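Structure, as structure tokens:
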Amino acid sequence: MSTVTLETPTSGKYEQPTGLFINNEFVESVDKKTFEVINPTDESVTCSVQEASEKDVDIAVSAARKAFEGPWRKETPENRGKLLVKLADLFEQNLDLLASIEALDNGKAHSMAKVDIGMCASTFRYYGGWADKIEGRVTDTGPDTFNYIKKEPIGVCAQIIPWNFPLLMFSWKIGPAIACGNTVIIKSAEQTPLGALFAAKLIKEAGFPPGVLNVISGFGKTAGAALANHMDVDKVAFTGSTVTGRTILKAAASSNLKKVTLELGGKSPNIVFEDADIDNAISWVNFGIFFNHGQCCCAGSRIYVQESIYDEFIKRFKDRASKNVVGDPFAKDTFQGPQVSQLQFDRIMNYIKAGKEAGATVEIGGNRMGDKGYFIEPTIFSNVTEDMQIMQEEIFGPVCSISKFKSKDEVIKTANNSTYGLAAALHTKNLNTAIEVSGALKAGTVWVNTYNTLHHQMPFGGYKESGIGRELGEDALANYSQTKTVSIRLGDALFG
Ligand code: NAI
Ligand code: MG
């Protein structure tokens, strides 16, 4: 088993697995290829991990197939549930270490990463509870037949996840897949492979049979594409960019028409009405965009404030955002760490440049912070018009645009003026406004007087180009099961 000793300020030294986790063993890749994991805080190399190629994907898929057709099929739903609950317990027992790994690998604040890990445990436990409650039904078509409709697992599922919430996305994907009785090959993002590999160790410790959950590290264009194109993968679930989502849908279409669910990008509107509790609104608007360094698919990046309170709002919002502590993810008070990679850093800085060139006003921020690590100042643009690139495209960084609106009807129209439809929010004390505007916004989630408050019981996913299908809640079970109708003839032969 390949491991390396790593150290974090919050958890001390620990043994980090670096192999591909296939059939409950950490193995080297067929070509013995590895890639480097970069620490975004100081740009140093943390370690190297094994890199999956198409050949390794083939091996992982056969392991998952063998487990699916063999022992896993015969496992009771109750035991599937127990395994997930055990994994939840192990996440809680290792909460501090897992959060430290996330902070090291992704650069997210350790205090925030702890919340992520708690949510992973809740997700596993929630789907553990579902495992023995997935029921079919009986339908009466007359006395001559007995019909039942049952839910069956889909089979071998490939799950491709991003780097912004490495372990949280891992739990959102694995929880419902296992509850429904599938087997899994999950590919972490190349920027953040460490958490998933440590979690693989916990999968083994929890007692999952070999081949049920396989965890591989590798790149999108090689390992990811091999999974999406594979003829023996029955389903692919993906979270990431809309561009890659389209590629995966095409790969499914041109291979074996595997089932596809996609959770993609967003450009979510966050609307503040003049009757809102302004202190609350400012704090949720700030959290809505700057949480996780703006690297959230549901980030509230388009902020619309009603005319009469606009001047006061912007003054106080600037003040609030400048107090966000940006720095070392392991420092106690840090709210915002570095962006995940040089590439993401460059993308965001290019958007900031584009905003400035298009004539938008930088209210605060707009620059790199320090000269080491991928840190960017919290940035607020005003005087942004609807046609500007920074208003239309997902920036995925600590950058937002703020503009004013006059009427409810006007803001509904501008808020919906996006190809995306993942999330939206509004702040008001008026119940009628809350219900009317929530109904009119074209988004999979609408938050009222809050933001980013995700919960494992509540479905999450996108309208329009933000995705296909829903994760979390009972809805996610539909992504991982298929319906079988069985019709039994009781009466005499019909054509006899
Ligand atoms: P990406 O969508 O390319 O990568 C996400 C995952 O997909 C990774 O595991 C990657 O290895 C895999 N992947 C990439 N190309 C693939 C392919 N051809 N076939 C199969 N799998 C593939 O996202 P990337 O490049 O890391 O970030 C680009 C932008 O995507 C960000 O700036 C952001 O706007 C958006 N994004 C959205 C996320 C979300 O939560 N919805 C998460 C990450 C990125
Ligand atoms: Mg990419």
Side-chain angles (χ1 to χ4, degrees), residues 6-11 14 16 36-47 95-120 161-170 188-196 198 286-301 320-349 351-352 364-380 394-400 451-452:
L6 296 180
E7 187 168 7
T8 72
T10 36
S11 292
Y14 78 99
Q16 170 67 51
E36 287 180 341
V37 180
I38 308 293
N39 179 348
T41 304
D42 62 8
E43 304 176 39
S44 66
V45 177
T46 302
C47 63
L95 190 140
D96 217 70
L97 176 54
L98 288 166
S100 304
I101 298 173
E102 292 287 75
L104 174 73
D105 208 10
N106 163 285
K108 63 171 67 198
H110 180 253
S111 56
M112 303 284 156
K114 276 165 66 172
V115 179
D116 283 14
I117 306 306
M119 289 171 81
C120 294
I161 56 173
W163 43 261
N164 53 342
F165 293 90
L167 280 171
L168 193 60
M169 292 303 105
F170 182 89
S188 56
E190 54 271 34
Q191 298 84 352
T192 53
L194 300 183
F198 194 87
N286 182 62
F287 187 69
I289 179 61
F290 297 121
F291 168 62
N292 210 39
H293 331 163
Q295 301 169 143
C296 296
C297 46
C298 52
S301 49
R320 177 70 190 76
S322 355
K323 292 199 180 104
N324 291 341
V325 181
V326 185
D328 176 10
F330 289 100
K332 212 164 136 267
D333 297 330
T334 296
F335 174 70
Q336 182 185 317
Q339 306 308 127
V340 76
S341 66
Q342 179 74 52
L343 183 62
Q344 286 303 117
F345 175 88
D346 291 342
R347 277 179 180 153
I348 297 160
M349 291 311 289
Y351 275 116
I352 292 176
I364 59 163
N367 304 300
R368 173 178 204 164
M369 279 183 81
D371 51 13
K372 210 156 148 234
Y374 313 122
F375 294 92
I376 298 179
E377 293 172 344
T379 300
I380 304 173
E394 181 173 57
I395 300 177
F396 229 64
V399 183
C400 60
Y451 209 95
N452 279 335

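It should be emphasised that the depicted structure is a prediction, and the values quoted were computed from it without experimental measurement.
S301 has its side chain out of reach of E394: every pair of non-hydrogen atoms, C-beta onward, lies at least 4.5 Å apart. Proximity of L167 to D116: side-chain heavy atoms (C-beta onward) are nowhere separated by under 4.5 Å. The closest side-chain heavy-atom distance from L6 to T46 is below 4.5 Å. Here the side chains of I380 and F290 are in contact, with some heavy-atom distance below 4.5 Å. Using a 4.5 Å heavy-atom threshold, the side chains of S188 and F170 count as separate. By the 4.5 Å heavy-atom criterion applied to side chains, V326 and P378 are counted as neighbours. When side chains are defined from C-beta on, E43 counts as touching Q342, because their heavy atoms get closer than 4.5 Å.
Note that the OG1 atom of T10 and the CD1 atom of I101 stand 10.0 Å from one another [nearest 0.5 Å]. Rounded to the nearest 0.5 angstrom, E377 CD and N367 CG are separated by 4.5 Å. Note that CD1 of I289 and CG of N324 are 11.0 Å apart. Values are rounded to the nearest 0.5 Å. The CD1 atom of I348 sits 10.5 Å away from the NE2 atom of H293 when rounded to the nearest 0.5 Å. Interatomic distance, T41 OG1 to Y374 OH, rounded to the nearest 0.5 Å: 10.0 Å. In this structure, CZ on F165 lies 7.0 Å from SG on C297, to the nearest 0.5 angstrom.
The side chain to side chain contact (heavy atoms under 4.5 Å, CB included) search around A99 returns H110, A113, K114, I117, not counting sequence neighbours. Residues that satisfy the salt bridge (charged side-chain N to carboxylate O under 4.0 Å, His left out) test with K323, not counting sequence neighbours, are D319. Taking E7 as the reference, nothing meets the salt bridge (charged side-chain N to carboxylate O under 4.0 Å, His left out) condition, with sequence neighbours excluded. For Q191, there are no side chain to side chain donor-acceptor pair (under 3.5 Å) partners two or more places apart in sequence or in a different chain. Not counting sequence neighbours, S111 has no partner by the side chain to side chain donor-acceptor pair (under 3.5 Å) test.
Among the candidates R347, Q295, Q344, the single residue satisfying the side-chain hydrogen bond (donor to acceptor under 3.5 Å, both in side chains) test with Q339 is Q295.
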- Task: Apply side-chain contact (heavy atoms from CB on, under 4.5 Å) to the pair I38 and V45, showing each step before the final yes or no.
- Result: CA-CA 5 Å; I38 308 293; V45 177; 4.0 Å; yes

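Residues N292 and N164 have side chains that never bring a donor and an acceptor to within less than 3.5 angstrom of each other.
Closest of all the heavy-atom pairs between V37 and P193 is CG2-CG, 3.7 Å. When all heavy atoms are compared, the tightest approach of T192 to P162 is OG1-O, 4.3 Å. Considering all non-hydrogen atoms of both residues, A321 and I364 come closest at CB-CD1, 3.7 Å. Nearest heavy atom pair, residue I352 against residue G366, reads CG2-O, 3.6 Å.
Ring geometry, W163 versus F396: the interplanar angle exceeds 60°, so the pair is classed perpendicular (tilted spans 30 to 60°). Ring geometry, F198 versus Y14: the interplanar angle exceeds 60°, so the pair is classed perpendicular (tilted spans 30 to 60°).
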Kindly list each side-chain donor-acceptor pair under 3.5 angstrom involving residues 328-338, sequence neighbours excluded, with atom names and distances?
unit_1 : atom_1 : unit_2 : atom_2 : d
D328   : OD1    : F330   : N      : 2.9
T334   : OG1    : D328   : O      : 2.7
Q336   : NE2    : I376   : O      : 2.8

